[in-house]
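Below, chains carry the letters A, B, ... as their sequence lines are ordered, and counting in each starts from 1.
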Amino acid sequence: MTMVTQQASSNYYNLGILDSITDDSIEDILDSWTGFCNTTESLLKDKGDLSVGSEFISHVHILCENRLSSLVQDHFFKALEETFEKNGRSKFWHHFDDFRDVSISELNESHKDWVQQVLCKALEDICLEKQYQEKCLLILVHALQSYKEGISKGKYNSDAERVALFSRYRLMVSSVLMTTLPRHFPEILRFYFKERLEELSDMISGNSDDNDEFQAKDNMDIDERTKLSPEVSEMDIGETYNGRKISENNKLVKNIGKVVRDLRSLGFMSMAEDAYASAIFLLLKTKVNDLAGDDYRTSVLWSIKEWIWAVPLQFLYALLAYLGDSVSYDSPSSGLKSPLASHPTSYYPGIDIPSEGLVRWQLRLEYFAYETLQDLRIAKLFEIIVDYPDSSPAIDDLKKCLQYSGQHSKLVDSFISSLRYRLLTAGASTNDILHQYVSTIKALRIIDPTGVFLEAVGEPIRDYLKGRKDTMKCIVTMLTDGPGGNPNGPGNTGDSLLEELNRDEENQEDDVCDDDFNSDDRHAWMNAERWEPDPVEADPLKGSRNRRKFDILGMIVGVIGSKEQLVNEYRVMLAEKLLNKSDYDIDSEIRTLELLKIHFGESSMQKCEIMLNDLINSKRINTNIKASISDVSQKGSDLGETGVSLDLLDATIISSNFWPPVQDESINIPETVDQLLSDYAKRFYEIKTPRKLLWKKNLGTVKLELQFGDRAAQFTVTPVHAAIIMNFQDQTRWISKDLAAAIGVPVDVLNRRINFWISKGIIAESVGAESDNHMFDLVDAMVDSSRNGVNNASCEDLAADEEGETSVASLEEQLLQEMTVYEKYIMGMLTNFGSMSLDRIHNTLKMFCSADPVYDKSLQQLQSFLSGLLSEEKLELRDGMYYLKREYSYLSLRSYHCPHLKFNKVVQSTYLIGNIDETSGYGNDSFVLTHYLCLMP
Amino acid sequence: MHHFVFIYLSPYCRWHAVASWTWDAQDETCGICRMAFDGCCPECKLPGDDCPLIWGACNHAFHLHCILKWVNSQTPQAHCPMCRREWQYKG
Ligand SMILES: [Zn+2]
Ligand SMILES: [Zn+2]
Ligand SMILES: [Zn+2]
C-alpha cells in the first residue's frame with residue numbers, strides 16, 4: 001500500500017518524466033522500488049540486516065537513474081523515523097516513566113544511583129539505535145554518492161549531500177524527541193548533574209581518597225609555559241586543593257562528558273547545558289552559603305574564587321576538553337578580560353590561556369558568586385556593623401561584591417529597613433544607637449567612599465537621634481570620655497572616639513598594611529584586585545585623608561546641629577567634672593581639650609581652656625596658701641580656736657565669667673569649716689590683692705571619716721551631705737524643719753539629700769506627729785553597721801552622682817530658662833492654628849518676637865524645648881505637627897496674655913471658652929474672653 | 001553616749017571647696033573696652049593675673065592693657081576716660 005501511494009504521488013509530481021519512460025523501464029522501476037523498499041525494511045526494522053547493503057545500493061542506483069532520488073530519500077527518512085519512533089523514542093522515554101510518580105522536589109540522595117543508572121542506560125540504548133541508523137544512513141549516502149561518481153566519471157568530491165542528509169537526520173531525531181518530551185525530563189537532568197557535581201566537589205575537596213583521579217599538575221608542561229603571574233598565589237590553592245587538577249580522563253568527568261555528549265547528539269544540547277549550568281550555580285550558591293556563614297571576621301571572597309577555580313572551572317575545562325570543543329591554546333586571549341583578573345592573560349593558575357567559553361563561564365560564575373555573597377552580607381549588614389571593626393573582612397568582601405554588581409541601592413533599602421526595625425526603637429539606648437551610627441559611618445565609608453549611600457542611611461538615624469533628649473550628652477561622652485592621654489598602644493578599648501579618630505589619622509600617615517596576619521595572602525589578593533583604582537589611593541593628597549576623618553566627626557556633629565552646641569555641651573560636662581575634682585588632676589581633660597582643639601579650632605575651645613587653666617592656677621595658689629600657713633605655724637602660731645588646720649582645706653578657684661552658670665545655692669556649712677574658708681579667702685586676698693574670693697559653699701567635695709567606737713567609715717560627699725551629718729555630731733536627733741533651717745536649705749532639699757545617709761544606715765528616719773516633719777536619728781552604728789556595710793572602711797561614694805545632683809546648670813536647664821518666655825507664645829499660636837510644624841513655629845516666633853523678647857534660638861533648640869513640652873504632656877506630636885494636648889488647651893489659654901497687641905496684624909476675636917483673661921476686666925464670672933489673635937497673612 | 005566622731009584630723013579628711021575670684025573693684029566693666037573686669041581685655045586670652053586691673057589716682061579702674069593704650073594715645077597728658085581728671089597711676 002505504501003509503495004503504491006508513494007508511486008502515485010511521485011508520478012503526480014513528475015509528470016514530465018512519464019512521457020520519456022517506456023513500459024520496460026516502468027517494470028524496472030517498479031522492481032527496483034519494491035527491492036528498495038524491502039531492503040530498507042531489512043536494514044532498518046527489527047534486528048537490522050546490513051548484509052542487504054549491496055542489493056540496497058543497486059536498487060538506489062536504478063531509481064536514481066530514473067531521477068527518483070528524492071523519492072528514495074523521502075522514503076528512507078520516513079522509514080528511519082518510523083523505526084526511531086518505535087525502537088528509540090518510545091523506549092527511551094519509557095525508561096523515565098518511573099520518575100513520573102516522583103516529584104522532583106522529592107528526589108534526594110537515595111535516588112542518586114537510580115537516576116544515574118536509568119539515565120545512562122536510556123542514553124546508551126537510544127544512542128546505539130541512533131548509531132545503527134546512522135550507519136544505515138551512511139549506506140544510503142554511499143549509494144547516492146557512488147551513483148553520482150558513476151555518471152560524472154570522475155571523483156565526486158562534494159560532501160554536501162552527506163552533510164545535508166545527516167543534518168536532516170539530526171533534525172528528525174531531535175524533533176521526534178522534543179515533541180514527545182516528558183515534562184519532568186529537564187528536572188531529571190538537573191538532578192543528575194547536581195549529584196555528579198557534588199560528588200566531584202567532594203572529591204576535589206579531599207573528601208575522597210581517590211587520588212588517582214587526579215594528575216599532579218607538574219605533569220602539565222603548559223603550566224610552566226604560561227605561568228604569567230607568579231604573584232597570584234598558586235601556593236594557596238595548592239595548599240587547599242593539593243595541587244591537583246581534574247583531567248579530561250577523570251572517570252567522573254568522562255561519565256559526565258559522555259552523558260553530555262549523548263544528550264548533545266540527541267539534540268538536547270542547550271537543555272544539557274542549562275542542566276549542568278543550573279547544577280553548577282546551585283552548587284556554587286550552596287558553597288557560598290557554606291563559606292560565608294555567620295563569621296564576619298574572615299574574608300571569604302578569595303576562598304570562593306579558589307573554589308570556583310578548583311571545582312566548576314576545572315570541571316568545565318575538563319568537560320570541554322573531553323567534548324573536544326574547548327581549548328584553543330593558540331588563539332590570543334582575544335581581548336576578553338576578566339574584570340577581576342590582575343593581568344589579562346592570567347585567570348587562574350593551572351588553567352592556562354582559556355577558551356572564550358571558559359572565560360565566559362568564569363565571568364558568569366564569579367558574577368553569580370559575588371551577587372550571592374553580596375545578598376547574604378546585605379541581609380546581615382546590621383549584625384556585621386554591630387561587630388565592626390572585627391567584621392571588617394566581611395565589609396571588604398561586600399565592598400568588592402558591590403563594586404562588581406553595582407547594586408548599592410539594594411544595600412541602602414535593606415539596611416534602612418533593618419535599622420528601623422532593630423535599632424530605631426524605644427528599647428534601644430541612645431548610646432547603642434550612637435555606637436551603631438558610628439560603626440555604620442565607618443563601615444559604609446569603606447563600602448562607598450563617595451558617601452552618597454552613607455548619607456541616605458545616616459539620615460533616619462540622625463532624625464531619630466534628634467528626637468532624643470540625651471543624645472547630645474551621649475555624643476559628647478562618646479567623643480571625649482576615655483582614659484585619654486594614656487596611649488597604651490593600639491587596641492585601647494576604653495578610648496574616646498576623638499582619641500580613636502586621632503589615632504586613625506596617625507595610622508593613615510604611615511599608611512602601611514600592617515596586619516601581619518596572613519599578609520602574603522592579603523598582598524596576593526590586593527595585587528589581584530589592582531585592576532580597579534582604589535579611590536583613596538588614587539588621591540595622594542593628604543587632604544583626602546583629613547576629609548575622611550572630618551566626615552566621621554562631621555556626621556556626628558550633624559546629629560547635634562552645630563559644632564557650637566557640641567562645644568557648649570562639652571563645656572557643661574567639663575565644668576561638672578572639674579568642680580567635682582578634689583585632686584587637681586586634669587591630665588586626661590587636657591588631652592581631650594587638645595584633641596577638641598585640633599578638630600574644632602582653638603578659638604571654639606577658648607573658654608574650656610580657661611577652665612582648665614583655672615584648675616592649674618588653683619593648684620598653684622592652693623600650694624602657696626598652704627606654704628604661707630606653715631610659715632606662720634612654724635613661728636608658733638596656733639591652729640586657731642577650733643583646733644582645725646587650714647591644711648584640711650583645698651579650693652578650686654574659677655574665673656566664673658568663662659564657666660557655664662553654676663548652681664549657686666547658699667548653705668550653712670559647719671562653723672569650723674566656715675572659719676577655714678574665711679582664713680583661706682583672707683590669705684588669698686593677701687597674696688592676690690586686689691582679687692578676692694567668693695565662696696560657692698554648696699559646691700565641691702568633702703571626704704570625711706565617721707568613727708563609731710573603734711571603727712571608721714569613709715565617704716566622699718557633697719558639702720550639703722557633709723553639713724547634714726556634721727550637725728549630728730552635737731545633736732543626734734533632728735526634726736527635718738530644724739535641720740533644714742540649720743543648714744539653710746528648703747525642707748524638701750534636706751529630705752532628698754539626707755536619703756544618702758539613711759541609705760548608708762547612718763541615720764534613721766521616723767515620721768513624726770506632723771507628717772511633713774520627719775524625725776532623724778543618728779543610728780548607733782555598732783548595731784547596724786555590718787548589715788549596711790558601713791564598716792567597710794574603704795567605702796567611697798560620690799553622693800552627687802547617686803542622686804543626679806549637679807554643680808552646673810545643664811544646657812537644657814539653661815535653655816529651658818531662656819525658652820520659657822516663649823512658651824506662652826507657642827501655646828497661643830497652637831490654640832489659634834490647631835497644629836503647626838516645627839518650621840512654622842520657628843518662623844512665626846522669628847517674625848513676631850523681633851524685640852523684647854527677641855527670639856534668637858535655633859531650630860534644634862526650639863525642637864528640644866518642644867520635646868520638653870511634649871514630655872510634660874502640654875503638647876502632642878502627630879505626623880510632624882505639634883498640637884495642644886486637649887485637656888491642656890484651657891489652661892494654656894488661661895495664662896495666655898496675648899503678646900501681639902503691639903503688632904499690626906491683630907485680629908480681635910471673641911471666644912466663649914471660660915473665665916480666662918485676667919487682664920480683660922471681666923472678672924471671674926465672665927464667660928467671655930476678649931482674645932487677641934495674631935493670624936498669619 | 002553615741003560612738004560617733006567626725007575626725008577633722010584624720011589624714012583622709014579633706015574639704016575641697018569651690019570659689020570664684022573677682023576684682024575688688026567698684027565697677028564691673030572696664031570703661032575703655034566695656035568688657036567685664038572678671039573677663040579680660042580684648043587683647044588677652046586669659047583673665048586674672050595675665051590681664052590685671054590698674055587704678056588711677058581718681059580711683060577709677062581699668063584693664064592695665066586698656067589704660068596703657070589709652071595713655072599712649074593721649075600725648076602729652078592723658079586724662080581718665082571716666083572723669084576727665086589728669087590720669088595718674090594710684091601709688
Ligand atoms: Zn578694658
Ligand atoms: Zn589684657
Ligand atoms: Zn577717673
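Other residues, nucleotides and ligands contribute over 12 non-hydrogen atoms within 6.0 Å of the CD atom of B/Q74. For A/K577, the NZ atom is densely surrounded, since the number of other residues' heavy atoms within 6.0 Å is greater than 12. Within a 6.0 Å radius of NZ in A/K619, no more than 12 heavy atoms belonging to other residues, nucleotides or ligands are found. Around CD of B/Q26, the count of heavy atoms belonging to other residues, nucleotides or ligands within 6.0 Å does not exceed 12.
Here CG of B/D50 is found 7.5 Å from CG of A/N617. Values are rounded to the nearest 0.5 Å. Rounding to the nearest 0.5 Å gives a distance of 9.5 Å between OG1 of B/T22 and CZ of A/R691.
A/N657 and B/A36 get closest at one heavy-atom pair: ND2-CB, 3.2 Å. Summarising the geometry of B/P47 relative to A/F658, their closest heavy-atom pair is CG-CE1, 3.3 Å, with the distance given to 0.1 Å. Between A/I653 and B/W21, the closest heavy-atom pair is CG2-CD1, 3.7 Å. Scanning all heavy atoms of the two residues, the minimum distance from B/R14 to A/K626 falls at NH2-NZ, 3.7 Å. Taking both residues in full, the closest heavy atoms of B/H16 and A/A651 are given as NE2-C, 3.8 Å, listed atom of the first, atom of the second, then distance.
With a 4.5 angstrom heavy-atom cutoff, A/D647 touches chain B only via backbone atoms. Heavy atoms of A/D650 lying under 4.5 Å from chain B belong to its backbone as well as its side chain. In this structure, chain B has a heavy atom under 4.5 Å from the side chain of A/Y685, while its backbone stays farther away.
Counting heavy atoms from C-beta on, the side chains of A/K688 and B/D49 come closer than 4.5 Å. Within the 4.5 Å cutoff, the side chain of A/P690 has heavy atoms near those of the B/W55 side chain.
Heavy-atom pairs under 4.5 Å with chain B peak, among A/S618, A/A722, A/G700, at A/G700.
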